[in-house]
Amino acid sequence: MSNTQTLTPHVYWAQRHGDVQLRVDLCDAENLDISLQENTLHFKAQGHGAKGDNEYQFTLEFLEPVLPKVLHKSTQRQVNIKVLKKEEVWWSRLTRQEKKPLFLGPDFDRWQDESDAEKELHEKEEKRINKISVESRIRKDPYLGLKKGYLFMYNLVQFLGFSWIFVNMTVRLFILGQDSFYDTFHTTADMMYFCQMMAVIEIINPLLGLVKTGFFPAMLQVTGRNVILFVILGSLEQMQSKSVVFFVFYLWSTIEIFRYPFYMLACIDTEWKLLTWVRYTIWIPLYPMGVIAEAVAVIQAMPIFDETRLYSLPLPKALGQSLSFSYTLQVYLIIMFLGLFVNFRHLYKQRKRRFRSRKRKAI
């Protein structure tokens, strides 16, 4: 009959006020079995210890009550175990038995005297109190709920308006085909007037600090669209029956039916990942296409302004009768494409910053 000897690994311990930390000197530990029963820690594992590759085990009955949960992490060199104390008190020793087990020793790398631990505890408490003090000094905005409610309703109204335009144009396109191009203005202009007049609020909101978006990009987009809508299309009846109106309105509404719901969800601290991706991606093809459609509308309007002399600038007789508004539109075309560059860069930075922060959160 052969006797089997129980092998125990070297175990090193240290404590804090709130926990006990054990370092088991066992390399490449496998088949870990660590449990806490009635304040007693049971350890069993296969690994390379003082007696080579064998099964090692030990039992420790703690001096004071501990929580039943055991936290442990195994590395190639050792097994780290953390046991939480039931009360944050300093123990005079680790085990209930006065005589220290032969396999147990102090972990000098983590060892602290009671005075050092008290100092660390006081420092943590001071940091916690200071954090609470700082947070209490930061004044919460009493009108935050009102501001979010206002922004939510504004974005909801704009979403409904542009959705009506988009659906109306889409249905008419399926029913009438290309014939729907030529009466787009007469069927949707009133709603587009309303939405674009409302969009002026987007220039005001950054100035009032209600949103974090920049004032200049918002001003460029809103002003540019309103010039096309009110000056080019609204002033010239000849332009209102042209097919370019369909493309301008359709591209505008397609962008907005994704942008405004994204802002609505942001007002209630909610995010839909698919909508976020579409909002920060769909502008890449649609925004340049929209500017090109607007440029076509401006170019088509120039001869009409020359002919009608609408908005022409009177000149002295020595210089001629008047300066056609088409010259102003030529300058506007240059500004339009400069604005495309500015807004494209702004939107690209927004997209890059948005998805970079999402990747960091995922890591």
Side-chain angles (χ1 to χ4, degrees), residues 1-131 273 356-363:
M1 186 173 178
S2 61
N3 293 326
T4 57
Q5 183 181 5
T6 302
L7 301 179
T8 54
H10 294 301
V11 181
Y12 304 92
W13 77 285
Q15 69 168 314
R16 301 288 186 273
H17 273 86
D19 59 68
V20 172
Q21 299 176 19
L22 303 175
R23 177 166 59 86
V24 184
D25 193 5
L26 196 63
C27 299
D28 300 322
E30 296 178 349
N31 303 325
L32 284 167
D33 183 9
I34 306 172
S35 61
L36 257 174
Q37 297 175 357
E38 297 181 358
N39 216 48
T40 301
L41 177 71
H42 301 278
F43 177 94
K44 182 189 291 186
Q46 186 81 24
H48 186 85
K51 300 291 185 179
D53 288 327
N54 282 292
E55 185 180 81
Y56 293 85
Q57 56 183 306
F58 66 86
T59 301
L60 289 174
E61 185 179 4
F62 295 114
L63 177 67
E64 300 289 345
V66 296
L67 297 178
K69 186 177 179 180
V70 181
L71 305 174
H72 65 87
K73 182 179 179 182
S74 178
T75 68
Q76 290 182 341
R77 299 180 58 187
Q78 61 197 28
V79 179
N80 295 310
I81 301 173
K82 187 175 184 179
V83 180
L84 302 177
K85 298 177 179 178
K86 218 165 193 178
E87 295 181 10
E88 292 192 0
V89 294
W90 194 258
W91 294 357
S92 58
R93 61 179 185 271
L94 179 65
T95 59
R96 189 170 183 181
Q97 61 185 73
E98 294 186 11
K99 186 178 180 181
K100 181 176 70 67
L102 295 176
F103 63 86
L104 188 65
D107 187 348
F108 291 109
D109 292 335
R110 302 179 186 178
W111 192 264
Q112 280 188 341
D113 293 328
E114 186 174 4
S115 58
D116 295 330
E118 287 285 352
K119 184 179 179 182
E120 184 183 79
L121 197 64
H122 286 314
E123 287 176 354
K124 286 183 180 179
E125 185 66 18
E126 284 180 7
K127 285 181 181 178
R128 188 182 69 83
I129 293 172
N130 289 336
K131 184 179 178 182
K273 291 182 180 180
R356 182 174 58 198
S357 64
R358 285 172 63 85
K359 284 179 182 177
R360 284 178 179 175
K361 288 178 183 178
I363 293 175

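In this chain, numbering begins with 1 at the start of the sequence shown. Just so we're clear, the structure is a prediction, and the values are computed from it rather than from any experiment.
With values rounded to the nearest 0.5 angstrom, I81 atom CD1 is found 11.5 Å from Q21 atom CD. Here the CG-CD distance, from L60 to Q97, works out to 8.0 Å after rounding to the nearest 0.5 Å. For the atom pair CG (L104) and NE2 (H10), the distance works out to 11.5 Å, reported to the nearest 0.5 Å. Atoms CG and CG, on L36 and L67 in that order, are 9.0 Å from each other to the nearest 0.5 Å. We find the CD-CG distance between E55 and N31 to be 8.5 Å, quoted to the nearest 0.5 Å. In this structure, the separation between CD on Q76 and CG on L26 is 13.0 Å, given to the nearest 0.5 Å.
Under the 4.5 Å side-chain criterion, counting only non-hydrogen atoms from C-beta, W90 is in contact with H17. Counting only heavy atoms from C-beta outward, the side chains of L22 and N80 never approach each other to under 4.5 Å. Residues H42 and T59 meet the side-chain proximity criterion, which asks for heavy atoms closer than 4.5 Å. At least one side-chain heavy atom of L94 sits less than 4.5 Å from a side-chain heavy atom of F62. You'll find the side chain of V20 reaches within 4.5 Å of the side chain of K85, heavy atoms only. Between S74 and V79, some side-chain heavy-atom pair lies under the 4.5 Å cut-off. Looking at V66 and D19, their side chains never come closer than 4.5 Å, going by heavy atoms from C-beta outward.
Although no hydrogens or angles enter the test, the distance criterion places no donor-acceptor pair under 3.5 Å between the side chain of Q46 and the main chain of A29. A donor-acceptor pair is defined here as one N or O able to donate and one able to accept, closer than 3.5 Å; no such pair exists between the side chain of Y12 and the backbone of D109. Distance alone, capped at 3.5 Å, is enough to place a donor-acceptor pair between the N39 side chain and the E64 backbone.
More than 12 heavy atoms of other residues, nucleotides or ligands shown are found within 6.0 angstrom of CZ on R93. Under a cut-off of 6.0 angstrom, the local environment of NZ in K86 is sparse, with at most 12 non-hydrogen atoms contributed by other residues, nucleotides or ligands.
For the residue pair H48/D53, the side-chain donor-acceptor check at 3.5 Å is satisfied.
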Pair L32, H72 - check side-chain contact (heavy atoms from CB on, under 4.5 Å), show working. CA-CA 10 Å; L32 284 167; H72 65 87; 4.3 Å; yes
Residue pair R23, D107: steps toward the salt bridge (charged side-chain N to carboxylate O under 4.0 Å, His left out) verdict: CA-CA 8 Å; R23 177 166 59 86; D107 187 348; 3.3 Å; yes
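Relative orientation of the F58 and F43 rings is parallel, given thresholds of 30° and 60° on the angle between their planes.
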